[in-house]
Each structure stands twice: as structure tokens, then as C-alpha cells.
Protein chains: 2
Amino acid sequence: MSQTVDRALSILPLLAEGPADLGQVADRLGVHKSTALRLLRTLHEHGLVYRQSDQRYRLGARLFALAQEAMENLDIREIAHPHLVRLNEQCGHTVHLAVYEENEVLYIDKVESRYPVRMYSRIGKPVAITVAAVAKLLLADLPEPERRALAEQLDYPLYTARSTPHAEAFLKELATVREQGWATDLGGHEESINCVAAPVRGADGRVVAAMSVSAPNVVVTAEELLSLLPLVRRTADAISGEYSGRTPVKGTPA
Amino acid sequence: MSQTVDRALSILPLLAEGPADLGQVADRLGVHKSTALRLLRTLHEHGLVYRQSDQRYRLGARLFALAQEAMENLDIREIAHPHLVRLNEQCGHTVHLAVYEENEVLYIDKVESRYPVRMYSRIGKPVAITVAAVAKLLLADLPEPERRALAEQLDYPLYTARSTPHAEAFLKELATVREQGWATDLGGHEESINCVAAPVRGADGRVVAAMSVSAPNVVVTAEELLSLLPLVRRTADAISGEYSGRTPVKGTPA
DNA sequence: CTCAGGCGTTGCGTATTCTGCAACGACCAT
DNA sequence: ATGGTCGTTGCAGAATACGCAACGCCTGAG
């Protein structure tokens with residue numbers, strides 16, 4: 001709606017692909033160099049882009065800080081975290097927490113036990129929406145027309161032979177998930193990885209988040225993982241209870 | 001430099017404090033509601049802000065994705081990661097990698113301690129710049145005038161009794177660090193946590209990153225931690241060598 | 001049930017702001 | 001030395017964003 005801002009913001013995903021110099025930015029925006037320069041300068045002042053020593057631009061530090069703060073302000077995350085930790089202690093596997101937003105599903109927390117390597121590296125990354133167990137739960141709760149519309153505009157990459165192949169299959173799976181109140185991903189994303197997931201609901205019963213337990217089948221078979229379902233559901237329900245119990249409003253500025 | 005973009009971007013840190021409605025945003029920007037609306041809409045189209053069910057705005061999902069991609073494109077991080085992992089395997093403690101950018105020092109990678117004691121730090125979070133060992137190394141390498149200017153504009157929070165108290169002391173410490181080529185933080189941030197850090201240098205000898213090993217003194221004493229210094233330095237040097245060896249330019253678009 | 005107040009939204013005329021041009025200076029490689 | 005590339009600047013014109021005022025919606029009070 002605002003041309004200038006629109007152009008400026010278009011620079012960000014462009015730089016996300018890698019550093020670029022002024023000319024490249026101007027070209028890909030379809031504007032004059034001087035225009036691109038002014039936009040980049042403004043972005044720079046706000047710390048969103050950084051100018052490295054070779055004069056090329058790349059995404060800047062404040063972006064991390066913003067994403068960080070944004071995440072910390074999600075109260076579902078705050079409430080859920082101790083539960084995720086406890087669940088991880090009980091079963092030993094990787095635990096994820098995810099939310100739906102604007103046609104995307106993304107992890108907002110993760111507890112890993114065996115290889116704590118890259119603890120936060122995948123948080124914030126959009127998940128494989130057509131196969132992930134958490135995605136199924138979150139999408140299954142969307143109003144029917146929206147769900148259908150989304151399902152049909154999605155791509156269905158065949159990560160493995162067990163990936164959801166097309167919209168029709170996906171909608172059918174969502175219906176099942178919606179009914180049973182939990183979801184799985186059995187090798188749909190990576191051949192050897194299975195997941196079980198359960199929904200976290202708000203006071204009105206709508207699904208506000210989903211949590212999952214993931215494990216490679218060299219550690220536990222799919223059946224063994226499924227046996228954890230009651231535990232996962234109990235944990236999710238506990239989070240739901242706490243989340244809908246009270247709404248701690250703390251962001252009251254002076 | 002560009003008013004419109006400037007205003008739009010000013011909304012982001014504002015929303016980072018917590019969700020806000022249209023009126024609040026307009027007020028704090030000092031613009032008319034209709035203007036604020038237009039800006040928010042543009043931000044929304046780019047996924048940088050999200051409109052929650054109560055109509056208030058908060059930071060959006062794409063912010064995470066961007067921060068994510070930005071991080072993955074830092075090649076120092078990519079090169080250093082396996083070394084961090086190996087170092088962690090050798091000593092068992094938490095290993096951090098940090099860079100300096102625009103008056104801030106921030107962690108860009110982390111390998112968790114194998115000991116159950118966890119330390120609060122997050123990738124992307126700005127570090128306690130006046131006390132952290134990695135910060136000392138990165139700032140010590142700045143050109144003298146810049147270093148001095150920065151040191152004097154900083155705040156010096158007294159996290160503990162051993163925190164750096166003021167600019168003068170900090171500059172003195174930086175001089176020492178600069179000379180010896182490594183740094184420590186002995187309880188300057190949290191009473192019981194000690195760190196040893198070493199610099200990663202580019203081909204031109206400038207410090208491009210810093211890595212540290214941190215451990216609570218209930219696990220190892222400061223002296224024991226210091227005995228790891230040669231190992232830490234060797235690892236940092238190995239990263240430096242690999243980093244300055246070649247400059248893999250991969251971001252060449254079609 | 002009515003009405004006032006608050007909030008988000010829209011269309012529009014004005015003028016502020018952004019744009020593209022062209023020229024300059026720095027730097028690199030030939 | 002010199003041609004080329006790249007980032008930077010000032011400027012005049014015009015497209016663009018701004019603020020205004022009015023509308024519709026919802027909520028809560030009388």
C-alpha cells in the first residue's frame with residue numbers, strides 16, 4: 001500500500017539470500033541506484049541491514065534482537081516451556097512447540113536432549129507444513145473454507161515416499177486429525193524420523209499451539225513412540241489448562 | 001533519510017515491547033491514524049507484523065525466518081561450527097561464538113554444556129558487552145578512536161562485584177586483552193560463571209569473531225578453566241586458518 | 001431499546017516527499 | 001595513464017504519502 005516502504009521491505013528477503021551490493025539491489029528492485037541507496041541507508045539506520053567491510057549489504061543485527069524479543073513476548077511459549085522440559089526429561093526425545101500464523105507453521109520452542117547442538121538454530125524456521133504432525137493439528141483447527149483454500153494453494157513436496165502427496169489427501173488427513181485430537185508424522189519428512197503431536201487449546205477451545213515429540217526409528221520404533229501419546233496429550237492438556245486459566249497481561253506501558 | 005520508511009521501521013521496536021493497537025501506534029509515531037494504518041498494512045503484507053485476533057498488532061513470523069536465513073548466511077558460523085562441536089566434546093563445557101556489529105556483540109552459535117547445569121544465553125541475543133570475554137576480544141580489536149568512543153557511550157551495569165565498573169577500567173582491560181590475545185570473564189556477569197575466550201582472525205589479521213568456553217565454578221575452578229586456554233586458542237586458530245584460507249563466494253544469483 | 005463514545009476504515013485534495021537523472025569522485029584493472 | 005565500475009550527491013519535477021473528515025461497526029451505558 002505504501003510504495004516506498006514496500007520497496008524497502010522487499011530488500012530484506014533479497015538480502016536474506018546473501019550479501020549484495022548496491023547495484024544488485026537496485027536492479028532487483030527495478031529502481032535507480034540512488035533510490036536503492038536511500039532505502040538501504042534508512043534500513044541501515046534502523047540496524048536491519050549491515051554494511052560489511054567489502055561495502056556489500058547483508059541483514060543486520062537488530063533483526064535478531066527483534067525476532068528474539070518477539071519470541072519472548074509470546075506467552076504461550078513462556079507457559080509451555082517448563083512443560084516441554086519436563087516432557088523431555090521423561091521421554092528423552094526432542095520436543096517441539098509450534099504455532100500457526102499467516103499460512104505458515106513455525107517452531108517457537110524446542111528442547112533437545114541427545115545432541116544439544118544448534119539449540120535454537122531451527123526455531124523460527126517454517127516447518128514442512130504438509131507433513132509435520134504439529135502442522136496437521138494447527139491446520140485442522142482452521143475454519144473449513146480457510147483450511148480448504150490453504151490446502152489447495154500449498155505445494156506438496158515429496159520429501160519421502162510417505163509424504164502427503166496432494167491437497168485431497170491432506171484434507172482427508174486433517175479431517176482425521178481434527179476428529180481424533182492428535183496427529184503423527186511417520187517418516188513423511190525424513191524417512192527415519194517419526195513424530196507424535198498433541199494440541200494446546202485456549203479457553204475457547206481453539207488450537208493455539210501444538211507440541212510434538214520426535215525420534216529417529218533407530219532409537220524407538222513408531223509403535224513405541226505412539227505409546228508415548230498419552231503422556232504427550234497429558235502434557236499438552238496441562239499447558240492448555242495453564243494457558244486458558246488466566247491471561248497475565250503484563251505489557252502495560254507507563 | 002526516507003521519512004516513510006523511517007516511520008514504518010520505527011514501528012518494529014515499538015511492537016517488540018508488546019502488542020499494540022492502531023491508536024497506540026499512531027500516537028507513539030506522532031502521525032495520524034490513517035497514516036499508521038497504511039504503514040502497518042504494508043508491514044503486514046511483508047509478514048513483518050501480524051494482526052492477532054483482538055485486532056492488535058504484534059511482530060510477525062517472517063521476522064524469524066529472516067533472522068534465521070541471515071544467520072545461516074554468515075559463513076564464519078558455518079566454518080566454525082564443527083570446531084565448536086569438537087571443542088565441546090573435548091572439554092564438555094558450553095562453547096559460544098560471537099561477532100561484533102554496530103556497537104553490539106552477539107552470539108551467533110552455541111554448543112551446550114554436557115553438564116546438566118545450564119547457562120542463560122541465546123543465539124542472537126546481545127551479550128553483556130562490558131564484561132563478556134568475547135566482547136573484550138572483539139572490542140579490543142577496534143581502531144583506537146572507535147574503541148574509545150564506544151567505551152564512553154556504554155553503560156556499565158554492576159552485574160556482580162567483579163563487573164567492569166566504568167569506561168576507564170574497560171579500556172585498560174581492552175588494552176591488556178589486545179596485547180595478550182585472549183580474554184577472560186571471571187564472574188563479571190554471573191557470580192559463579194567463568195569464561196575463557198580466544199579470537200578468530202581473518203586473512204588480514206583483524207578479529208572477525210570470538211569464541212569462548214564457559215563453566216560454572218561448581219564444576220571447574222577458574223584455574224582449571226584457564227588451563228583450557230591453549231586448547232581454546234588452538235581451536236580459534238584452526239578456525240582462523242580455515243576462514244582466511246579461502247573466501248567461498250557462493251551468493252552469485254542467476 | 002437507544003444513543004453516545006471509541007475504534008478501524010475509506011476517499012480525497014494538497015503538498016510534502018520520493019524519484020530518476022546526470023555529474024562527480026574514488027577505486028581497480030588494463 | 002585511462003577506461004570502466006561503483007558509490008555518492010544535488011536538484012527539479014512529479015508521483016506519492018499525508019492529514020482531514022466522514023462513515024460504519026461494535027460495545028457499553030442510560
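Throughout, protein chains are lettered first and strands after them, A, B, ... in sequence-line order, and every chain is numbered starting at 1. Quantities reported herein were computed from a predicted structural model and do not represent experimental measurements.
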Partner set under side-chain contact (heavy atoms from CB on, under 4.5 Å) for [X], not counting sequence neighbours:
X         : result
Gln153(A) : Asn103(A), Leu150(A)
Leu12(B)  : Leu48(A), Leu66(A), Leu9(B), Leu43(B), Leu48(B), Val49(B), Leu59(B)
Val31(B)  : Arg7(B), Leu29(B), Thr35(B), Ala36(B)
Ala98(A)  : Val105(A), Tyr107(A), Val134(A), Leu138(A)

To the nearest Å, give me how far apart [atom1] ([X]) and [atom2] ([N]) are.
X        : N       : atom1 : atom2 : result
Arg41(A) : dT19(C) : CZ    : P     : 13 Å
Leu37(A) : dC21(C) : CG    : P     : 16 Å
Gln24(B) : dC7(C)  : CD    : P     : 9 Å
Asp6(A)  : dT19(C) : CG    : C1'   : 15 Å
Lys33(B) : dT10(C) : NZ    : P     : 13 Å

Grab the N/O contacts between the protein and nucleotides 24-29 of chain C below 3.5 Å, and write none if there aren't any.
none

- Query: Applying salt bridge (Lys or Arg N to Asp or Glu O under 4.0 Å), which residue pairs with at least one partner in residues 127-142 of chain A are found, sequence neighbours left out?
  - Reply: Lys136(A)-Glu173(A), Asp141(A)-Arg206(A)

Can you name the side chain to side chain donor-acceptor pair (under 3.5 Å) partners of [X], sequence neighbours left out?
X         : value
Glu144(B) : Arg148(B)
Asp21(A)  : none
His44(A)  : Glu102(B)
Glu101(B) : Arg58(A)

- When you check the side-chain N and O atoms of Asp109(B) and His81(B), is any donor under 3.5 Å from an acceptor? yes

- Distance-only, no hydrogens or angles: does the Asp155(A) side chain make a donor-acceptor pair with backbone N or O of Pro157(A) under 3.5 Å? no

- Within less than 4.0 Å of OP1 or OP2 of dG8(C), is there a side-chain N or O belonging to Arg56(B)? no

Under 3.5 Å, which protein N or O atoms sit close to an N or O of nucleotides 15-18 of chain C? Give each pair with its distance.
from, atom 1, to, atom 2, distance (Å)
dT17(C), OP1, Gln3(B), NE2, 2.7
dC18(C), OP1, Ser2(B), OG, 3.3
dC18(C), OP1, Gln3(B), N, 2.7
dC18(C), OP1, Thr4(B), N, 2.7
dC18(C), OP1, Thr4(B), OG1, 3.0
dC18(C), OP2, Gln3(B), N, 3.3

- Note on the structure: In the 5' to 3' direction, the nucleotides of DNA chain D bounding the stretch that comes under 4.0 Å of a heavy atom in chain B are dA17(D) to dA21(D)

